[in-house]
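This is the structure I have questions about; it appears just below.
Residue numbers run from 1 in the order of the sequence given.
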Amino acid sequence: MKFTKLTSIALLSAALLTGTVACSKQDNSTAKTTTQKSVTSSKVTHNSESAMSKQTQKDNIQIKLSQQEAIDKFHQQFSGKQLKSIELNREGKHYLYEIEGFDSNNEYSVNINAETGQIGHVHSEKLDHDDRNQKALDFKGTISRDDASRIAEEHIKGTSEEWKLEQDEDTGKTYWEVKVKNGHQETEVKINAHTKEVISTEHED
């Protein structure tokens, strides 16, 4: 009788030990599965962030063509013409140079992609009588677009987004007009391209 009880107790202990080991293995397996899922999830998140980063880089608008290179392309189309103005504006997902020039009879304009250097719209037409006395841009001693941006951003907090270099017909002075954006607010800052003086600011609605 005692032998039977001892046998039963031994069998019961063995069964409990087997169950404990099985539960332990199951817990380890679950832990491994959870860890694997966590790592997989981490990889998916990382890959997603990488894809978003690549997309952001892809959507960045680049200005690869310098102002002088854009001017050279204008002269390839209209050799020997005087320059009237140079604009660099955002058009959709690109920046475009728009360069205007003239001679004694006609005025000319060329649009150039600032990233690829591809020439787009090319146009010429007869000068109006009132425009026959206009003067060419004076580049000597003018500040660069980067300098104009820095001055504008120090004057009006924000980011410079568009630029225009032209000569005032009334004063004969050369100016930079820089559009600075801060959130939804856009401000046009006019800067004397020779003295670096801020002439005026104009807020756009």
**Report entry** Euclidean distance, Ser104 OG relative to Lys81 NZ, rounded to 0.5 Å
**Finding:**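 Lys81 atom NZ to Ser104 atom OG measures 8.0 Å (nearest 0.5 Å).
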**Report entry** Beyond-backbone contact of Thr159 with Lys181, side-chain heavy atoms, under 4.5 angstrom
**Finding:**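 No, too far: nothing below the 4.5 Å cut-off.
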**Report entry** Residue pair Ser109 / Phe78: nearest heavy atoms and the distance that separates them
**Finding:**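 Here Ser109 and Phe78 meet closest at O-CE1, 4.0 Å.
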Query - Trace of the side-chain contact (heavy atoms from CB on, under 4.5 Å) decision for Gln185 with His203 - result: CA-CA 8 Å; Gln185 180 69 57; His203 298 286; 3.5 Å; yes
Report task. Find out whether Tyr97 and Ile71 are in side-chain contact, i.e. whether some heavy atom of one side chain is under 4.5 Å from a heavy atom of the other. Result ->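 No; the side chains remain at least 4.5 Å from each other.
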Report task. Can you measure from OG (Ser149) to CD (Glu154) and round to the nearest 0.5 angstrom? Result ->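 Rounded to the nearest 0.5 Å, the OG-CD separation comes out at 11.0 Å.
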Query raised in the report: Is the closest side-chain donor-acceptor distance between His123 and Glu125 under 3.5 Å?
Result: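 Per modelled atom types, His123 and Glu125 side chains form a pair under 3.5 Å.
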Requested in this report: Ignoring hydrogens and angles, state whether a donor on the side chain of Asp72 or Gln76 is under 3.5 Å from an acceptor on the partner side chain.
Outcome: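 Distance-only check fails for Asp72 and Gln76.
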Query raised in the report: Out of curiosity, does Ile156 fall in the hydrophobic cluster containing Tyr175 (side-chain heavy atoms, cut-off under 4.5 Å, transitive links)?
Result: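 No, Tyr175 does not connect to Ile156 through the hydrophobic network.
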Query raised in the report: Can you tell me if CD on Glu69 sees more than 12 non-hydrogen neighbours from other groups inside 6.0 Å?
Result: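 More than 12 heavy atoms, drawn from other residues, nucleotides or ligands, come within 6.0 Å of this atom.
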Query raised in the report: Rounded to the nearest 0.5 Å, how far apart are NZ of Lys196 and CG of Asp147?
Result: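 Output value for this atom pair is 6.0 Å.
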**Report entry** Least distance between heavy atoms, Leu165 atom then Ala193 atom
**Finding:**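 Taking Leu165 first and Ala193 second, the nearest heavy atoms are CD1-CB, 4.1 Å.
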Requested in this report: For the pair Asn192 (side chain) and Thr195 (backbone), establish whether a donor and an acceptor sit closer than 3.5 Å, ignoring hydrogens and angles.
Outcome: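 Confirmed, Asn192 side chain pairs with Thr195 backbone.
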**Report entry** Lys/Arg N to Asp/Glu carboxylate O, Lys179 vs Glu162, below 4.0 Å
**Finding:**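 Looking at Glu162 together with Lys179, the answer is yes, because their closest N to O distance falls below 4.0 Å.
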Query - Path from Ile99 to Leu127 over hydrophobic side-chain contacts below 4.5 Å - result: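 Looking at the clustering, Leu127 is in a separate group from Ile99.
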Query - Ionic contact status for Lys190 with Asp168, cut-off 4.0 Å - result: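 Result for this pair is yes, salt bridge flagged.
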Query - Nearest heavy atoms of Ala136 and Phe102, plus distance in Å - result: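 Ala136 and Phe102 have their closest heavy atoms at N-CZ, 3.7 Å.
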Query raised in the report: If we only count heavy atoms from C-beta on, is the Lys84 to Gln134 side-chain gap below 4.5 Å?
Result: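 Answer yes - side chains close enough.
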Report task. Could you tell me the separation between the CD atom of Glu202 and the CD atom of Glu177, rounded to the nearest 0.5 Å? Result ->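 Answer for the CD-CD pair, Glu202 versus Glu177, is 9.0 Å.
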Query - Hphob cluster co-occupancy, Leu96 + Leu65, side-chain heavy atoms under 4.5 angstrom - result: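 Leu96 does not cluster with Leu65.
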Query - Transitive ILVMFWY side-chain link Ile199 to Ile191, under 4.5 Å - result: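 Different clusters.
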Report task. Please tell me if the side chains of His121 and Val110 come closer than 4.5 Å, counting only heavy atoms from C-beta onward. Result ->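 The answer is no, as the side chains (C-beta and beyond) never meet within the 4.5 Å cut-off.
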Query raised in the report: Between Ile143 and Ile151, is any pair of side-chain heavy atoms under 4.5 Å apart?
Result: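 The answer is yes, as the side chains (C-beta and beyond) meet within the 4.5 Å cut-off.
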Query raised in the report: Can Asn113 and Tyr95 be counted as having a side-chain donor-acceptor contact under 3.5 angstrom?
Result: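 No, no side-chain donor-acceptor contact under 3.5 Å.
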Report task. Show your reasoning for whether side-chain contact (heavy atoms from CB on, under 4.5 Å) applies to Leu83 and Phe139. Result -> CA-CA 10 Å; Leu83 292 181; Phe139 288 97; 3.7 Å; yes
Query raised in the report: Ignoring hydrogens and geometry, is there a side-chain-to-backbone donor-acceptor pair from Arg90 to Gly92 under 3.5 Å?
Result: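 Between the backbone of Gly92 and the side chain of Arg90 there is a qualifying donor-acceptor contact (under 3.5 Å).
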Requested in this report: Side-chain contact test, heavy atoms from C-beta onward, threshold under 4.5 Å: evaluate it for Trp176 versus Arg145 and give yes or no.
Outcome: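 In short, these two side chains touch, coming nearer than 4.5 Å.
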Requested in this report: Quick one: closest heavy-atom pair of Gly117 and Ile112, and the distance?
Outcome: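 Gly117 and Ile112 have their closest heavy atoms at O-CG2, 3.7 Å.
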Requested in this report: State whether Glu153 and Lys157 are salt-bridged, where the test is any N-O pair (Lys NZ or Arg NE/NH1/NH2 against Asp/Glu carboxylate O) under 4.0 Å.
Outcome: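 Between Lys157 and Glu153 there is no salt bridge, as every charged N stays at least 4.0 Å from the carboxylate O atoms.
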Report task. Say whether, by atom type as modelled, one donor and one acceptor occur between the side chain of His194 and the main chain of Lys140 under 3.5 angstrom. Result ->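 The answer is yes, because a donor-acceptor pair under 3.5 Å joins these two groups.
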Report task. First locate atom CD of Gln82, then atom CD of Gln167, and finally report the distance between them rounded to the nearest 0.5 Å. Result ->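 These two atoms lie 10.0 Å from each other.
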Requested in this report: Over all heavy atoms of both residues, which pair between Ser85 and Glu166 is shortest? Give the atoms and the distance, please.
Outcome: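 The pair with the smallest heavy-atom distance is CB-CB, 3.9 Å.
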Query raised in the report: Is the closest side-chain heavy-atom distance between Val180 and Thr201 below 4.5 Å?
Result: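 No, their side chains stay 4.5 Å or more apart.
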Report task. Please lay out, stage by stage, how Tyr108 and Asp103 fare under the test side-chain contact (heavy atoms from CB on, under 4.5 Å). Result -> CA-CA 9 Å; Tyr108 310 90; Asp103 58 20; 2.5 Å; yes
Query raised in the report: Can you find a heavy atom in the side chain of Glu204 that is under 4.5 Å from one in the side chain of Glu188?
Result: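 Touching, per the 4.5 Å side-chain cut-off.
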Query raised in the report: Atom CD of Glu161 and atom CG of Asn182: how far apart are they, to the nearest 0.5 Å?
Result: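 The CG atom of Asn182 is 10.5 Å from CD of Glu161, to the nearest 0.5 Å.
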